[in-house]
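Worksheet: the structure to be examined is printed underneath.
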Amino acid sequence: MVAVDDPEAVVAEAPLWVGATNSLTPVIRGRWLRPGVHVNSIQGHELDWEVLERADLIVVRDRERPTFYTVGDAWPREVREEKQLPPALAAKVVTLGEMLAGGVTRQPEQITVFGGGGMGGSAGLGIQFAAVAARVYEKARAAGLGREIPGEWFLEDMKP
(Lines give C-alpha, C1' and ligand atoms only; values in the text may rest on other atoms or scores of the structure.)
Protein backbone atom coordinates (compact mmCIF):
# COMPACT_ATOMS: atom_id res chain seq x y z
CA MET A 1 0.00 0.00 0.00
CA VAL A 2 1.25 3.45 -0.86
CA ALA A 3 -0.43 6.63 0.35
CA VAL A 4 -1.15 9.23 -2.33
CA ASP A 5 -2.79 12.63 -2.22
CA ASP A 6 -4.58 12.25 -5.56
CA PRO A 7 -6.90 9.26 -6.07
CA GLU A 8 -6.32 9.37 -9.82
CA ALA A 9 -2.62 8.70 -9.17
CA VAL A 10 -3.59 5.34 -7.60
CA VAL A 11 -4.93 4.01 -10.90
CA ALA A 12 -2.86 6.01 -13.41
CA GLU A 13 -0.85 3.07 -14.78
CA ALA A 14 -2.83 0.11 -13.45
CA PRO A 15 -4.57 -2.17 -15.98
CA LEU A 16 -6.89 -3.51 -13.26
CA TRP A 17 -8.78 -1.38 -10.77
CA VAL A 18 -10.53 -3.00 -7.84
CA GLY A 19 -13.02 -1.02 -5.81
CA ALA A 20 -13.63 -2.60 -2.44
CA THR A 21 -15.22 0.22 -0.51
CA ASN A 22 -18.49 0.64 1.28
CA SER A 23 -18.80 4.19 -0.02
CA LEU A 24 -22.25 5.34 -1.03
CA THR A 25 -20.69 8.06 -3.20
CA PRO A 26 -18.38 7.51 -6.21
CA VAL A 27 -14.68 7.03 -5.60
CA ILE A 28 -13.84 5.75 -9.10
CA ARG A 29 -14.30 8.29 -11.91
CA GLY A 30 -15.00 7.56 -15.55
CA ARG A 31 -12.78 10.41 -16.71
CA TRP A 32 -9.79 8.41 -15.40
CA LEU A 33 -10.48 5.41 -17.68
CA ARG A 34 -8.21 4.59 -20.57
CA PRO A 35 -8.43 1.83 -23.19
CA GLY A 36 -7.75 -1.66 -21.88
CA VAL A 37 -8.63 -0.98 -18.23
CA HIS A 38 -10.80 -3.42 -16.31
CA VAL A 39 -12.70 -2.15 -13.26
CA ASN A 40 -13.93 -4.59 -10.61
CA SER A 41 -16.40 -3.00 -8.25
CA ILE A 42 -17.80 -4.75 -5.22
CA GLN A 43 -20.71 -2.36 -5.00
CA GLY A 44 -22.00 -0.04 -7.68
CA HIS A 45 -22.21 3.13 -5.61
CA GLU A 46 -18.42 3.50 -5.70
CA LEU A 47 -18.55 4.08 -9.51
CA ASP A 48 -19.72 7.29 -11.11
CA TRP A 49 -22.10 7.05 -14.06
CA GLU A 50 -19.33 7.96 -16.51
CA VAL A 51 -17.54 4.67 -15.69
CA LEU A 52 -20.60 2.79 -16.97
CA GLU A 53 -21.10 5.12 -19.93
CA ARG A 54 -17.50 4.66 -21.10
CA ALA A 55 -17.42 0.90 -20.53
CA ASP A 56 -17.59 -1.33 -23.59
CA LEU A 57 -18.84 -4.26 -21.48
CA ILE A 58 -20.59 -4.27 -18.11
CA VAL A 59 -20.42 -7.71 -16.54
CA VAL A 60 -22.86 -8.72 -13.80
CA ARG A 61 -23.37 -11.98 -11.97
CA ASP A 62 -26.99 -12.18 -13.11
CA ARG A 63 -29.51 -10.02 -14.96
CA GLU A 64 -32.24 -10.74 -12.42
CA ARG A 65 -32.64 -8.37 -9.50
CA PRO A 66 -31.45 -10.08 -6.32
CA THR A 67 -33.76 -10.94 -3.47
CA PHE A 68 -33.24 -9.15 -0.18
CA TYR A 69 -34.82 -10.08 3.10
CA THR A 70 -35.77 -7.12 5.25
CA VAL A 71 -38.08 -6.31 8.10
CA GLY A 72 -41.03 -4.32 6.82
CA ASP A 73 -39.92 -1.39 4.68
CA ALA A 74 -36.46 -1.21 6.25
CA TRP A 75 -34.56 -1.56 2.99
CA PRO A 76 -30.84 -0.77 3.25
CA ARG A 77 -29.78 2.38 1.41
CA GLU A 78 -27.66 0.26 -0.95
CA VAL A 79 -30.84 -1.49 -2.12
CA ARG A 80 -33.10 1.57 -2.19
CA GLU A 81 -30.60 3.40 -4.37
CA GLU A 82 -29.65 0.55 -6.67
CA LYS A 83 -28.49 1.81 -10.06
CA GLN A 84 -31.17 1.34 -12.70
CA LEU A 85 -29.33 1.18 -16.00
CA PRO A 86 -30.95 3.10 -18.87
CA PRO A 87 -31.44 1.13 -22.12
CA ALA A 88 -28.18 2.34 -23.71
CA LEU A 89 -26.17 1.02 -20.75
CA ALA A 90 -28.29 -2.10 -20.27
CA ALA A 91 -27.38 -3.07 -23.86
CA LYS A 92 -23.73 -3.39 -22.72
CA VAL A 93 -24.56 -5.85 -19.93
CA VAL A 94 -23.38 -9.45 -20.16
CA THR A 95 -23.39 -12.05 -17.43
CA LEU A 96 -20.30 -13.57 -15.90
CA GLY A 97 -21.63 -16.96 -17.06
CA GLU A 98 -21.79 -15.76 -20.67
CA MET A 99 -18.18 -14.62 -20.46
CA LEU A 100 -16.95 -17.81 -18.81
CA ALA A 101 -18.80 -19.96 -21.36
CA GLY A 102 -16.99 -18.14 -24.16
CA GLY A 103 -20.05 -16.40 -25.55
CA VAL A 104 -18.46 -12.99 -25.06
CA THR A 105 -14.82 -12.12 -25.64
CA ARG A 106 -13.07 -9.13 -24.18
CA GLN A 107 -10.85 -7.27 -26.63
CA PRO A 108 -7.56 -5.86 -25.24
CA GLU A 109 -8.49 -2.22 -25.93
CA GLN A 110 -11.94 -2.44 -24.36
CA ILE A 111 -12.88 -0.81 -21.09
CA THR A 112 -14.69 -3.42 -19.03
CA VAL A 113 -16.47 -3.32 -15.68
CA PHE A 114 -17.58 -6.06 -13.33
CA GLY A 115 -20.23 -4.49 -11.14
CA GLY A 116 -21.20 -5.61 -7.71
CA GLY A 117 -24.22 -4.91 -5.54
CA GLY A 118 -26.06 -1.73 -6.35
CA MET A 119 -25.88 -2.47 -10.09
CA GLY A 120 -28.70 -4.93 -10.50
CA GLY A 121 -28.19 -8.66 -10.35
CA SER A 122 -24.73 -8.80 -8.85
CA ALA A 123 -25.51 -8.69 -5.16
CA GLY A 124 -24.14 -11.55 -3.15
CA LEU A 125 -21.72 -12.49 -0.43
CA GLY A 126 -18.57 -11.61 -2.34
CA ILE A 127 -16.93 -14.84 -1.23
CA GLN A 128 -15.00 -14.95 -4.53
CA PHE A 129 -13.18 -11.75 -3.54
CA ALA A 130 -12.23 -13.18 -0.16
CA ALA A 131 -10.98 -16.39 -1.77
CA VAL A 132 -8.82 -14.57 -4.33
CA ALA A 133 -7.53 -12.12 -1.71
CA ALA A 134 -6.49 -14.99 0.57
CA ARG A 135 -4.54 -16.63 -2.26
CA VAL A 136 -2.85 -13.37 -3.28
CA TYR A 137 -1.94 -12.76 0.36
CA GLU A 138 -0.45 -16.26 0.72
CA LYS A 139 1.63 -15.87 -2.45
CA ALA A 140 2.85 -12.39 -1.46
CA ARG A 141 3.90 -13.62 2.00
CA ALA A 142 5.69 -16.64 0.48
CA ALA A 143 7.57 -14.32 -1.88
CA GLY A 144 8.47 -11.91 0.94
CA LEU A 145 6.49 -9.07 -0.64
CA GLY A 146 4.59 -6.28 1.02
CA ARG A 147 4.34 -5.34 4.67
CA GLU A 148 1.83 -5.82 7.44
CA ILE A 149 -0.60 -2.97 7.98
CA PRO A 150 -2.70 -2.36 11.07
CA GLY A 151 -6.12 -4.03 11.00
CA GLU A 152 -7.54 -0.92 12.65
CA TRP A 153 -7.17 0.89 9.33
CA PHE A 154 -10.11 -1.18 8.07
CA LEU A 155 -12.43 -0.84 11.04
CA GLU A 156 -15.23 1.65 11.45
CA ASP A 157 -18.28 2.09 13.58
CA MET A 158 -20.25 4.20 11.10
CA LYS A 159 -21.31 1.53 8.59
CA PRO A 160 -20.13 -1.96 9.52
Side-chain angles (χ1 to χ4, degrees), residues 1-70 73-99 104 106-133 136-137 149-160:
M1 238 181 240
V2 177
V4 296
D5 293 325
D6 176 16
E8 187 175 0
V10 173
V11 296
E13 300 299 320
L16 171 65
W17 305 356
V18 179
T21 73
N22 68 352
S23 178
L24 294 176
T25 58
V27 297
I28 299 174
R29 308 286 178 192
R31 68 178 179 269
W32 302 340
L33 296 168
R34 62 183 192 292
V37 166
H38 175 74
V39 178
N40 241 45
S41 170
I42 289 178
Q43 61 93 10
H45 295 291
E46 62 196 359
L47 307 177
D48 73 4
W49 279 101
E50 189 176 350
V51 170
L52 302 175
E53 290 162 357
R54 295 199 52 211
D56 295 294
L57 291 173
I58 301 170
V59 183
V60 297
R61 188 174 54 83
D62 194 352
R63 284 188 174 84
E64 299 300 317
R65 186 166 193 243
T67 301
F68 295 95
Y69 300 97
T70 63
D73 291 331
W75 291 90
R77 181 175 175 190
E78 294 89 337
V79 176
R80 289 192 321 265
E81 298 177 6
E82 180 179 89
K83 281 184 165 56
Q84 299 299 315
L85 299 181
L89 295 181
K92 300 178 184 186
V93 171
V94 298
T95 67
L96 186 56
E98 290 168 336
M99 295 222 47
V104 178
R106 179 188 192 275
Q107 301 303 314
E109 70 282 354
Q110 287 183 316
I111 294 171
T112 54
V113 174
F114 177 80
M119 281 197 32
S122 284
L125 298 176
I127 196 70
Q128 70 275 23
F129 299 112
V132 170
V136 168
Y137 177 73
I149 56 175
E152 295 81 34
W153 289 7
F154 300 98
L155 301 176
E156 64 177 288
D157 56 9
M158 184 178 103
K159 183 178 175 251

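For the single chain, residues carry numbers from 1 onward in sequence order. Keep in mind that what you see is a predicted model, and the values were worked out from it rather than measured.
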Which atom names give the shortest non-hydrogen contact between L57 and R106, and what distance separates them? CD1-CA, 4.4 Å
Do the side chains of M99 and V94 get nearer than 4.5 Å, heavy atoms only? yes
Please tell me if the side chains of T112 and V39 come closer than 4.5 Å, counting only heavy atoms from C-beta onward. no
R34: what forms a side chain to side chain donor-acceptor pair (under 3.5 Å) with it, not counting sequence neighbours? none
Do the side chains of H38 and W17 get nearer than 4.5 Å, heavy atoms only? no
Out of L47, V59, L33, V60, which residue meets the side-chain contact (heavy atoms from CB on, under 4.5 Å) rule with V113? L47
For side chain to side chain contact (heavy atoms under 4.5 Å, CB included), just list the numbers for L89 and W49, CA-CA rounded to whole Å, side-chain angles, deciding distance to a tenth of an Å, and then say yes or no. CA-CA 10 Å; L89 295 181; W49 279 101; 3.7 Å; yes
Using modelled atom types and a 3.5 Å cut-off, is there a donor and acceptor pairing between side-chain atoms of K92 and backbone atoms of L52? yes
How many angstroms lie between CG in L85 and CD1 in I58, if you round to the nearest 0.5 Å? 5.5 Å
Any residue meeting side-chain contact (heavy atoms from CB on, under 4.5 Å) with P87, in chain and number order, not counting sequence neighbours: none
State whether a side-chain donor-acceptor pair under 3.5 Å links E46 with S41. yes
Could you tell me whether the side chain of D48 and the main chain of G30 form a donor-acceptor pair under 3.5 Å? yes
Can you list the residues that meet the side-chain contact (heavy atoms from CB on, under 4.5 Å) rule with Q107, with sequence neighbours excluded? T105, E109, Q110
Output yes when a side-chain donor or acceptor of D56 lies under 3.5 Å from a complementary backbone atom of I111, and no otherwise. yes
Show your reasoning for whether side chain to side chain contact (heavy atoms under 4.5 Å, CB included) applies to R29 and E50. CA-CA 7 Å; R29 308 286 178 192; E50 189 176 350; over 6 Å; no
Test salt bridge (Lys or Arg N to Asp or Glu O under 4.0 Å) applied to E53 - qualifying residues, sequence neighbours left out: none
Could you work out, with side-chain contact (heavy atoms from CB on, under 4.5 Å) as the rule, every residue matching E8, not counting sequence neighbours? D6, W32
How would you list, by chain and number, every residue that makes a side-chain contact (heavy atoms from CB on, under 4.5 Å) with V18, sequence neighbours excluded? L16, N40
Closest non-hydrogen atom pair, V27 against S23: CG1-OG, 3.8 Å
